[in-house]
> 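Dropping the structure in here first, questions after.
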Amino acid sequence: MTQTRALSKILSLADFERAAAKRLPKPIYGYVSGACEDCHSLRANRDVFAEYEFVSRILVDISQRTQTVEVFGKQYDAPFGMAPMGITAMSAYRGDIVLAEAAKRANIPMIMSGSSLIKMEELVAVAPDAWFQAYLPGKVDQIAPLIDRVAAAGFKTLVITVDTPSSANRENNVRTGFSTPLRPSLRLAWEGISHPRWLFGTFLKTLMRHGMPHFENSFATRGAPIMSKNVLRDFSSRGHLNWDHVREIRARWKGPMVIKGILHPADAALARQYGMDGVIVSNHGGRQLDGAVAPLRMLPQILEQFKDGPVMLDSGVRRGTDVLKALALGARCVFLGRPFNYAAAVGGPAGVDHAISLLSQEVSRNMAMMGVNRLDELTPASLIHVGRS
Ligand SMILES: Cc1cc2nc3c(=O)[nH]c(=O)nc-3n(C[C@H](O)[C@H](O)[C@H](O)COP(=O)(O)O)c2cc1C
């Protein structure tokens, strides 16, 4: 089947997930799709959107509608973007670059992960408006050099992810044989052989053209390789990190700075106090604390505490209707993780273009149905809270 025909059968972002489950070796698919422990938050992230229903308007001339949105002085063509995802280059050949270039073509925001396998300098060279997400290195003397590297690379917007003070209990990774570094094993070899398109199109192509992938952006210098017999990771404990470190970074970083992983209104107030320009309300796609509240539920309270800049949201957004619900509750824009990863795995650049186009069409169609021409016409009064099903 040609790629165009294959993509024409993908009618929604959920279809990408089904296709990616076939295309990717189990450990890689499991790493992307999985969450932690009993997947309570993963489910809650989806279920919460069903708690709201639209109260639509009729007979409004919506022929001039636009879904543009402004974030940090830049006008984007859609109110959704790509959340940072580590190890994307194991799902698709040069995955991070594929995402960044597609985001640039569509003029939507894209955040590069600090746990990616592609050098930040290479990505920003092709997508100068991409944002960079850093995890704070556990060794505090490594924080400033990392931030200086991000600035020197040319990124303008910095995102600090703060919901990983401890590593999560990702039992699914143990079950599917995923670890970082990946440890060579017969099982892994079989997974490769039984997924030849991935083996040749992603893994071996990467090895032949670029050598063994490494965690390139965790520090100012290169980190560990993705595959190694040595089980030791060079991610030291982050348990001691606190707002003092955020203050130091704020003093160093000249551009817009965003905290990702906020759920508590008191933390939104602190983010404001420590000079953040924006926040991303997120439970990391349900991948960290199982039972962490679905971000959509906290939006109204967080907006009360953080008024001076964009409040953004991720976790569980899959449909244009989800985007509009989050915006009606006050989010400036939303981010999606897994669906774009699957789209890159299944269809490369054309796959990601298709995913963006599907979601953008849904947003546009639903705006029409809601009777709005601009996204800021959506307000809490556009929704009714019908409660948990
Ligand atoms: C495969 C994968 C890798 C991720 N890696 C990172 C990361 O490196 N940094 C980060 O801040 N968040 C990371 N996240 C979380 C996403 O940025 C985002 O919060 C989450 O995926 C949103 O939920 P969704 O997948 O339901 O859209 C990752 C998520 C996935 C699925």
Side-chain angles (χ1 to χ4, degrees), residues 13-14 16-17 20-21 24 27-36 39-49 80-92 95-96 99 103 109-118 120 123 130-137 146 150 157-165 167-168 170 172-173 176 178 180 215-218 223 226 235 238 258-263 279-289 292 294-296 312-319 322-323 326 331 333-345 355 359:
L13 295 186
F16 271 118
E17 170 149 18
L24 293 171
I28 306 289
Y29 173 71
Y31 161 70
V32 179
S33 63
C36 59
C39 300
H40 178 93
S41 295
L42 181 72
R43 282 191 301 277
N45 289 345
R46 287 298 302 131
D47 292 348
V48 71
F49 286 101
F80 58 83
M82 297 173 187
M85 281 174 292
I87 319 186
T88 304
M90 280 288 109
S91 298
D96 310 81
L99 294 183
M110 183 271 177
I111 311 177
M112 178 187 212
S113 162
S115 295
S116 72
L117 303 170
I118 294 200
M120 61 172 95
L123 186 134
W131 306 5
F132 185 81
Q133 173 265 322
Y135 282 123
L136 298 187
L146 171 64
V150 179
T157 303
L158 177 67
V159 178
I160 303 284
T161 296
V162 291
D163 53 10
T164 58
S167 59
R170 308 232 177 119
N172 67 304
N173 286 349
T176 60
F178 181 87
T180 47
F215 288 95
E216 297 286 356
N217 306 311
S218 309
I226 182 70
F235 296 102
R238 299 191 183 110
V258 176
I259 290 263
K260 172 175 181 280
I262 292 234
L263 290 171
V279 292
I280 303 181
V281 191
S282 165
N283 67 14
H284 215 107
R287 294 163 75 85
Q288 287 299 118
L289 170 65
L296 191 76
M312 299 161 277
L313 172 141
D314 76 21
S315 301
V317 178
R318 296 292 179 271
R319 285 284 189 185
D322 302 337
V323 178
C333 67
V334 299
F335 291 92
L336 292 82
R338 296 175 182 90
F340 289 126
N341 196 307
Y342 299 140
L359 194 59

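Counting starts at 1 for both ligands and their atoms, in listed order.
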> At their closest point, which heavy atom of Pro137 faces which heavy atom of Ser218, and how far apart are they?
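In terms of heavy atoms, the two residues are closest at CG-O, 3.8 Å.
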> Write out the residue and atom name of the closest protein heavy atom to atom 7 (C) of ligand 1, then the distance separating them to 0.1 Å.
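Residue, atom and distance for the closest contact: Tyr135 OH, 3.1 Å.
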> Judged by non-hydrogen atoms, does Asn45 sit under 4.0 Å from ligand 1?
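No.
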> If you look at every heavy atom in Lys260 and Val159, which pair is closest and at what distance?
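Closest heavy-atom pair between Lys260 and Val159: CB-CG1, 3.6 Å.
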> Determine, considering heavy atoms only, which of Arg287, Met112, Met90 sits nearest to atom 2 (C) of ligand 1.
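Closest candidate by heavy-atom distance is Arg287.
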> With side-chain contact (heavy atoms from CB on, under 4.5 Å) as the criterion, how do Leu146 and Met120 come out once you've worked through the C-alpha distance, each side chain's angles and the decisive distance to 0.1 Å?
CA-CA 11 Å; Leu146 171 64; Met120 61 172 95; 4.1 Å; yes
> Is there a heavy atom of Val32 sitting under 4.0 angstrom from any atom of ligand 1?
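Flag set, Val32 near ligand 1.
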> Among all protein heavy atoms, pick out the one at the shortest distance from atom 5 (N) of ligand 1; state its residue, atom name and that distance to 0.1 Å.
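Looking only at protein heavy atoms, the one closest to atom 5 (N) of ligand 1 is Gly86 N, 2.9 Å.
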> Write out the residue and atom name of the closest protein heavy atom to atom 18 (C) of ligand 1, then the distance separating them to 0.1 Å.
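Its nearest protein heavy-atom neighbour is Asp314 OD2, 3.2 Å.
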> Decide yes or no on side-chain contact (heavy atoms from CB on, under 4.5 Å) for Met112 and Met85, but give the supporting numbers first.
CA-CA 7 Å; Met112 178 187 212; Met85 281 174 292; over 6 Å; no
> So which atom in Asp163 and which in Gly261 form the shortest heavy-atom distance, rounded to 0.1 Å?
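Shortest heavy-atom separation between Asp163 and Gly261 comes out as OD2-CA, 3.5 Å.
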> Take Phe215 and Leu117, measure what side-chain contact (heavy atoms from CB on, under 4.5 Å) needs, and give me the verdict at the end.
CA-CA 5 Å; Phe215 288 95; Leu117 303 170; 4.1 Å; yes
> Under 4.0 Å from any heavy atom of Gly285, which atoms of ligand 1 are there?
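That gives atoms 19 (O), 20 (C), 22 (C), 23 (O) of ligand 1.
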> How far is atom 14 (N) of ligand 1 from the closest protein heavy atom, and which atom is that?
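Looking at atom 14 (N) of ligand 1, the protein heavy atom closest to it is Pro84 O, 3.3 Å.
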> What protein heavy atom sits nearest atom 27 (O) of ligand 1, and how far off is it?
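For this ligand atom, the closest protein heavy atom is Gly337 N, 2.8 Å.
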> Tell me: protein heavy atom nearest atom 8 (O) of ligand 1, and distance?
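So the nearest neighbour among protein heavy atoms is Ser113 OG, 2.6 Å.
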> Check the pair Ser41, Leu289 against side-chain contact (heavy atoms from CB on, under 4.5 Å), reporting the backbone distance first and the verdict last.
CA-CA 8 Å; Ser41 295; Leu289 170 65; over 6 Å; no
> Taking only heavy atoms of Gly316 into account, list the atoms of ligand 1 that are under 4.0 Å away from them.
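The list of qualifying atoms is 23 (O), 24 (P), 26 (O), 27 (O).
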> Quick check on contacts: which atoms of ligand 1 are under 4.0 angstrom from a heavy atom of Arg318?
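Answer, ordered by atom number: 24 (P), 25 (O), 26 (O), 27 (O).
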> Please name the pair of heavy atoms, one in Leu99 and one in Ala344, separated by the smallest distance, quoted to 0.1 Å.
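Minimum heavy-atom separation between Leu99 and Ala344: CD2-CB, 4.1 Å.
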> Which heavy atom of the protein is the closest neighbour of atom 15 (C) of ligand 1, given with residue, atom name and distance?
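Protein heavy atom with the smallest distance to atom 15 (C) of ligand 1: His284 CD2, 3.4 Å.
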> In ligand 1, which numbered atoms sit nearer than 4.0 Å to a non-hydrogen atom of Lys260?
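Those of ligand 1 that fall under 4.0 Å from Lys260 are 10 (C), 11 (O), 12 (N), 15 (C), 16 (C), 17 (O), 18 (C), 19 (O).
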> Ser315 heavy atoms, cut-off 4.0 Å: which ligand 1 atoms fall inside?
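Once the distances to Ser315 are compared, the set is 22 (C), 23 (O), 26 (O).
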> Going by the rule side chain to side chain donor-acceptor pair (under 3.5 Å), which residues pair with Ser116 if we only count those two or more places apart in sequence or in a different chain?
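So Ser116 forms a side chain to side chain donor-acceptor pair (under 3.5 Å) with Asn217.
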> Give the atom numbers and elements of ligand 1 that come within less than 4.0 Å of a heavy atom of Leu336.
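Answer, ordered by atom number: 27 (O).
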> Identify, with sequence neighbours excluded, every residue that meets ring-ring contact (aromatic ring centres under 6.0 Å, His included) alongside Phe80.
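Once residues adjacent in sequence are excluded, Phe80 has no partner under the ring-ring contact (aromatic ring centres under 6.0 Å, His included) criterion.
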> Looking only at heavy atoms, is any part of Gln133 under 4.0 Å from ligand 1, and if so is it the side chain, the backbone, or both, or is it neither?
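Contact part for Gln133 vs ligand 1: side chain (C-beta onward).
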> Take every heavy atom of Ser282, measure it against each atom of ligand 1, and state whether any distance is under 4.0 Å.
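The answer is yes, since Ser282 has a heavy atom less than 4.0 Å from ligand 1.
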> Suppose I only count heavy atoms of Tyr31 and a 4.0 Å limit; which atoms of ligand 1 are within that range?
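Listed by number with element: 1 (C), 3 (C).
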> Nearest heavy-atom pair of Phe16 and Tyr342: which atoms, and what distance?
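The answer is O-CB, 3.7 Å.
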> Would you compute the distance between atom CZ of Arg46 and atom CG of Asp322 and round it to the nearest 0.5 angstrom?
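These two atoms lie 4.5 Å from each other.
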> Which ligand 1 atoms does Thr161 reach within 4.0 Å, using its non-hydrogen atoms?
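Those atoms are 10 (C), 11 (O).
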